[in-house]
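Written below as C-alpha cells is the structure these notes are about.
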Amino acid sequence: MASSAEKKAEFRRYLESSGVMDAIVKSLVQLYQQAERPADPIEFVRNQLGCVAGDSSGGGGCEEKDKKIEELNKTIEEMTSKLSKYEPVEGAHEPAASAAPVAAPPAETTDAPADVAPEIPSEPPAEAPAEGAAPAEGEAATGAETVVPDEHTEEQPPA
C-alpha cells in the first residue's frame with residue numbers, strides 16, 4: 001500500500017497536469033489584485049474559475065460570456081432609447097414643446113368689491129308682478145311696491 005505522502009504527491013501531479021493548479025492560482029492572484037475586496041470571495045473565485053475553464057453548464061469560457069454581456073448591453077441601450085421616446089427624462093418638469101399651453105378662462109367683471117363674492121340665485125327669477133298688483137299668496141312684498149303700516153302709526157285716508 002502507498003503511503004499518504006505518496007498519495008498527496010500523486011494527486012498534486014494530477015492537479016498540475018490537468019491545469020487546475022494554474023487556474024486556482026490565477027483566480028487567487030486576481031482576488032489579491034482587487035482594489036476592493038469582494039463581499040463573497042468564494043463566489044469571486046467560482047466566477048474566475050468558470051471563465052478560465054468554462055463552467056459545467058456548457059456556457060463556455062470568458063469569450064462566450066463576454067459576447068453575451070455585450071449583446072445584453074446593446075439590448076439595454078436599444079430598450080432605453082425606445083423607452084425615452086415614451087417617458088419624460090427624470091428630473092424634467094417642463095411640458096413637452098408640442099403641448100399647447102392652457103389658457104385661463106376670462107375673468108368676469110362686476111361692480112362688487114373684490115372681497116365680496118357675488119350672489120348666485122339658487123332658482124331662476126320669477127316674473128315680476130305688475131306695478132300696483134298685490135303679491136301672490138305666500139310671497140313677501142318688496143319694500144318699494146307695498147308699504148305695510150306700522151302698528152303704532154295711524155292710517156290716513158288716501159288723498
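None of the values given here were measured: they were computed from a predicted structure.
- For Val29, the side chain to side chain contact (heavy atoms under 4.5 Å, CB included) partners at least two apart in sequence or on another chain are Val25, Gln33.
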For residues 10-19, run the donor-acceptor check on the side chains, cut-off 3.5 Å, and write out each pair with its distance to 0.1 Å, sequence neighbours left out.
residue : atom : partner : partner atom : Å
Arg12   : NE   : Glu16   : OE2          : 3.4
Ser17   : OG   : Arg13   : O            : 3.2
Ser17   : OG   : Tyr14   : O            : 3.0
Ser18   : OG   : Tyr14   : O            : 3.1
Ser18   : OG   : Leu15   : O            : 3.2

Pairs under 3.5 angstrom only: tabulate donor-acceptor contacts from the side chains of residues 69-79 to other protein residues two or more places apart or in another chain.
residue : atom : partner : partner atom : Å
Asn73   : ND2  : Ile69   : O            : 3.4
Thr75   : OG1  : Glu71   : O            : 3.0

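- Residues passing the side chain to side chain contact (heavy atoms under 4.5 Å, CB included) test with Glu43 are Asp40, Arg46, Asn47, sequence neighbours excluded.
- Here Lys26 contributes atom NZ and Ile24 contributes atom CD1; the two are 12.5 Å apart, rounded to the nearest 0.5 Å.
- Qualifying side chain to side chain contact (heavy atoms under 4.5 Å, CB included) partners for Pro38, counting only residues two or more places apart in sequence or in other chains: Leu31, Phe44.
- For the pair Leu49 and Ser27, the tightest heavy-atom approach, listed with the atom from each and the gap, is CD2-OG, 4.1 Å.
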